[in-house]
Every structure is written in C-alpha cells, then in structure tokens.
Amino acid sequence: QVVLVESGGGSAPAGGSLRLSCAASAYTASWYCMAWFLHGPGKEREGVSIISSEGYGSYSESAKGRFTISKDNAKNALYLQMTSLKVEDNAMYFCAASIRCGWDPARYSYWGQGTQVTVSS
C-alpha cells in the first residue's frame with residue numbers, strides 16, 4: 001500500500017517561492033514514477049512535473065524554468081521547488097505515484113490528499 005502525504009503549500013506573492021514536499025511510504029520513491037499534478041479552479045487535473053524512479057525529471061511548459069522536482073530515496077520524499085510564482089499557479093497540488101511515468105493522471109494509482117497553493121498579485 002502506497003501512502004502519500006503532501007505539505008508545504010500556503011500563500012505567496014507573485015514572484016515568490018514555495019517548496020512542496022510529499023512524504024511517501026517505504027520504497028515508493030525508489031520503485032515508482034512520482035509526479036506533481038495541479039487542479040485549479042475550472043480546470044482539469046494536469047501534470048506539473050514528473051520524476052522517474054531513476055531520477056529523470058520532466059516539466060510542463062508552464063513549469064519549465066520555474067519549478068524543480070527532486071526526490072530523496074532514503075527519506076522516501078518528493079519535492080517541488082516553485083519559484084517565480086504566478087497567479088495562474090493558484091491550485092491544489094497533488095503528489096502521485098505510478099508504476100509507469102506519463103502525463104495522464106489516470107495512469108497514477110496512488111494520490112495524496114493535496115496541498116493548496118495560493119499566489120497573490
């Protein structure tokens with residue numbers, strides 16, 4: 001059973017930074033592809049960033065150059081460093097895990113409860 005618990009959301013001004021964390025159950029970070037998704041007002045759930053079990057990261061066009069995904073296998077933790085925040089980043093952010101990487105949220109069997117990010121102008 002994979003359990004994911006996000007933390008680190010909150011409020012920040014536009015241009016500011018936040019760091020999201022996801023605590024995972026044992027071996028998740030080593031064995032699974034992990035990802036961050038967002039679900040904003042009036043939007044479908046969409047991928048922000050993915051990191052493979054080998055540690056290769058990829059980003060949505062919106063996240064490129066502003067966000068950095070990383071993980072610590074020893075701590076079973078996933079992170080998302082968010083910089084140059086924009087009002088459009090306002091959303092609930094979810095940590096997810098899957099056997100295979102991909103941008104389709106339906107591919108991910110395990111989800112955290114989400115953490116809210118609010119960016120003010």
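Quick note: residue numbers are just sequence positions, from 1.
- Clustering ILVMFWY residues whenever any of their side-chain heavy atoms sit less than 4.5 angstrom apart, transitively, puts W111 in a cluster other than the one holding I51.
- For residues 87-98, the side chain to side chain donor-acceptor pair (under 3.5 Å) pairs, not counting sequence neighbours, are R66-D89.
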Contacts under 3.5 angstrom, residues 113-121 side chains, donor-acceptor by atom type, not counting sequence neighbours:
from: Q113; atom 1: NE2; to: E6; atom 2: O; distance (Å): 3.3
from: T115; atom 1: OG1; to: G9; atom 2: N; distance (Å): 3.1
from: Q116; atom 1: NE2; to: A91; atom 2: O; distance (Å): 3.2

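- In this structure, the side chain to side chain donor-acceptor pair (under 3.5 Å) partners of S52, at least two apart in sequence or on a different chain, are E54.
- In this structure, K71 contributes its side chain and A77 its backbone to no donor-acceptor pair below 3.5 Å.
- In this structure, OG in S70 is found 7.0 Å from CG in L78, a value given to the nearest 0.5 Å.
- Residues that satisfy the ring-ring contact (aromatic ring centres under 6.0 Å, His included) test with Y110, not counting sequence neighbours, are Y32.
- Among pairs with a residue in residues 85-121, those fulfilling disulfide bond (SG atoms under 2.5 Å apart) read C22-C95, C33-C101, at least two apart in sequence or across chains.
- Judged as a ring-ring contact (aromatic ring centres under 6.0 Å, His included), and not counting sequence neighbours, the contacts of Y108 are F37.
- Cluster membership check: M92 does not share its hydrophobic cluster with V48, using side-chain heavy-atom separations under 4.5 Å among Ile, Leu, Val, Met, Phe, Trp and Tyr.
- In this structure, the side-chain contact (heavy atoms from CB on, under 4.5 Å) partners of S17, at least two apart in sequence or on a different chain, are Q81, T83.
- The backbone N or O of W36 sits nowhere less than 3.5 Å from a side-chain atom of S49 that would complete a donor-acceptor pair.
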Practice problem: Take L80 and T68, measure what side-chain contact (heavy atoms from CB on, under 4.5 Å) needs, and give me the verdict at the end. | Solution: CA-CA 6 Å; L80 186 69; T68 303; over 6 Å; no
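- L4 and I99 fall within the same hydrophobic cluster, defined by Ile, Leu, Val, Met, Phe, Trp and Tyr side-chain heavy atoms under 4.5 Å apart, directly or through other members.
- Take K43 and apply the salt bridge (charged side-chain N to carboxylate O under 4.0 Å, His left out) test, not counting sequence neighbours, and it matches no residue.
- Every ring-ring contact (aromatic ring centres under 6.0 Å, His included) that Y27 has, sequence neighbours left out, goes to W31.
- Taking the side chain as every heavy atom from C-beta outward, M34 and T28 approach each other to under 4.5 Å.
- Within the structure, no pair that satisfies the ring-ring contact (aromatic ring centres under 6.0 Å, His included) test touches residues 46-90, not counting sequence neighbours.
- Hydrophobic clustering keeps F94 apart from M82 (ILVMFWY residues linked when any side-chain heavy atoms are closer than 4.5 Å, directly or through intermediates).
- When all heavy atoms are compared, the tightest approach of I50 to A35 is CG1-CB, 3.9 Å.
- Applying the disulfide bond (SG atoms under 2.5 Å apart) test to every pair with at least one member in residues 43-86, sequence neighbours left out, gives no pairs at all.
- Every residue was checked against the salt bridge (charged side-chain N to carboxylate O under 4.0 Å, His left out) condition with E44, not counting sequence neighbours, and none meets it.
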